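Accompanying notes for the structure given below.
Starting from 1, each residue takes its place in the sequence as its number. Hydrogens, waters and symmetry mates are skipped; everything else that's a heavy atom, side chains included, is used. If you're wondering where the values come from, they're calculated on a predicted model, not measured in any experiment.
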Amino acid sequence: MTGPKQPVAARSGQGGPRRPRVRAVRRGVPVPLLVPGLLAMAFLLVPLLALLVRAPWRSLPSQLTSTEVWQALQLSLISATAATAVALVLGVPLAWLLARAEFPGRGLVRALVTLPLVLPPVVGGVALLLALGRNGVVGQWLDAWFGITLPFTTAGVVIAEAFVAMPFLVISVEGTLRAADPRYEEAATTLGASRFTAFRRVTLPLIAPGIAAGAVLAWARALGEFGATITFAGNFPGRTQTMPLAVYLALQNDPEAAIALSLILLAVSIAVLAGLRDRWMTGA
């Protein structure tokens with residue numbers, strides 16, 4: 001004899017009868033969405049393709065090895081790297097304060113910190129002149145006490161690029177800090193570690209991917225900065241002329257050199273997107 005039949009739920013090991021799986025149905029794209037989407041794709045891609053099609057590929061090696069292009073490229077790489085270092089030293093602690101510290105007006109501070117993201121770069125350059133110029137609010141004391149003049153110098157290029165690039169780092173690191181569990185820091189402090197030791201030994205390894213992504217974004221933004229740089233640092237070849245400024249100047253006198261520099265900036269942008277694909281892009 002066989003025992004009593006078990007209920008379907010018991011035999012299946014689930015709380016109820018099994019239900020047939022419903023396969024996702026792939027439907028066609030509506031024409032009112034398809035047409036604008038394709039137009040938007042063409043609007044964004046055609047100018048980039050035109051840059052590749054009209055590039056002087058035969059003379060490109062000679063263009064890239066010219067003195068003017070090399071000076072602009074070298075200065076851009078050095079200043080963007082220095083600006084990113086400034087953003088890291090100052091931006092990571094600021095992001096920690098915005099994410100973990102409680103103080104009055106934190107929302108207003110966050111809004112002001114991210115203001116350079118939407119502020120026209122030329123306005124940022126004017127603001128830097130009024131703050132750090134020889135007769136500026138702070139610059140007059142730097143000139144009188146230490147003899148330091150920042151506008152129209154290579155250091156001014158670094159400052160202008162850091163001013164517009166740091167918010168990218170702060171936003172990225174702050175978002176990573178908010179996603180990280182603060183209990184790890186609390187556990188470290190209960191074991192005798194100071195807050196700074198817990199930040200250095202526990203928090204930094206946790207948020208390292210966010211810091212790396214923010215640093216890459218800040219570096220790319222600093223490399224392509226134009227408005228604040230030309231307003232605060234000027235356009236002096238070999239001293240303050242970065243690649244975007246060289247593109248603007250070469251477009252009037254030597255279009256092939258302008259295209260060559262534009263290709264370099266395009267390649268850097270593609271490399272940045274490729275480096276961040278695991279963070280921002282997911283598979284279909």
Side-chain angles (χ1 to χ4, degrees), residues 76-133 136-139 150-151 154-180 199 203-204 206-233 240 242-245 265 268-269 271-273 275-281:
S76 294
L77 295 176
I78 293 175
S79 60
T81 303
T84 304
V86 173
L88 283 170
V89 172
L90 301 179
V92 173
L94 176 58
W96 186 91
L97 290 176
L98 294 176
R100 297 291 171 84
E102 297 287 344
F103 56 90
R106 185 174 63 171
L108 177 61
V109 172
R110 182 182 293 110
L112 293 176
V113 166
T114 57
L115 187 61
L117 290 175
V118 297
L119 191 70
V122 175
V123 178
V126 173
L128 288 173
L129 275 175
L130 296 177
L132 301 176
V137 177
V138 179
L150 295 175
T154 305
V157 175
V158 175
I159 291 175
E161 293 179 351
F163 177 78
V164 300
M166 190 183 300
F168 290 88
L169 176 74
V170 172
I171 289 177
S172 178
V173 176
E174 183 189 359
T176 307
L177 279 168
R178 290 185 178 277
F199 171 78
T203 307
L204 276 182
L206 287 176
I207 65 174
I211 295 177
V216 172
L217 285 175
W219 187 84
R221 180 64 183 89
L223 188 69
E225 166 53 31
F226 177 83
T229 303
I230 197 172
T231 306
F232 183 67
T240 64
T242 58
M243 283 200 294
L245 274 63
L265 293 176
V268 170
S269 301
V272 169
L273 290 178
L276 295 176
R277 68 184 185 275
D278 293 334
R279 181 175 178 84
W280 284 357
M281 303 178 185

Could you tell me which non-hydrogen atom of [X] sits nearest to which non-hydrogen atom of [Y], and how far apart they are?
X      : Y      : result
Gly156 : Ala233 : C-CB, 4.0 Å
Thr84  : Ala80  : OG1-O, 2.7 Å
Ser76  : Met243 : OG-N, 2.6 Å
Val164 : Pro116 : CA-CB, 4.5 Å
Ser172 : Gly210 : OG-O, 2.9 Å

What's the spacing between [X] [atom1] and [Y] [atom2] if we round to 0.5 Å?
X      : Y      : atom1 : atom2 : value
Leu97  : Arg110 : CG    : CZ    : 11.0 Å
Leu132 : Phe163 : CG    : CZ    : 9.5 Å
Thr81  : Trp219 : OG1   : CH2   : 6.0 Å

Between [Y] and [X], is there a side-chain heavy-atom distance shorter than 4.5 Å?
X      : Y      : result
Thr229 : Thr240 : no
Thr176 : Ile211 : no
Thr242 : Ser79  : yes
Leu150 : Phe232 : yes
Leu204 : Ile207 : yes
Leu129 : Pro151 : yes
Thr154 : Ile78  : no
Leu88  : Leu169 : yes

Arg221 side chain vs Pro167 backbone, donor-acceptor pair below 3.5 Å: no
Has Glu225 got a side-chain atom pairing as donor or acceptor with Gly227's backbone, closer than 3.5 angstrom? yes
Kindly determine whether Leu223 and Leu77 satisfy side chain to side chain contact (heavy atoms under 4.5 Å, CB included), including the steps that lead there. CA-CA 7 Å; Leu223 188 69; Leu77 295 176; 4.3 Å; yes
Set of residues satisfying side chain to side chain donor-acceptor pair (under 3.5 Å) with respect to Ser269, sequence neighbours excluded: none
The side-chain contact (heavy atoms from CB on, under 4.5 Å) partner of Thr114 among Leu119, Val170, Ile171 is Ile171
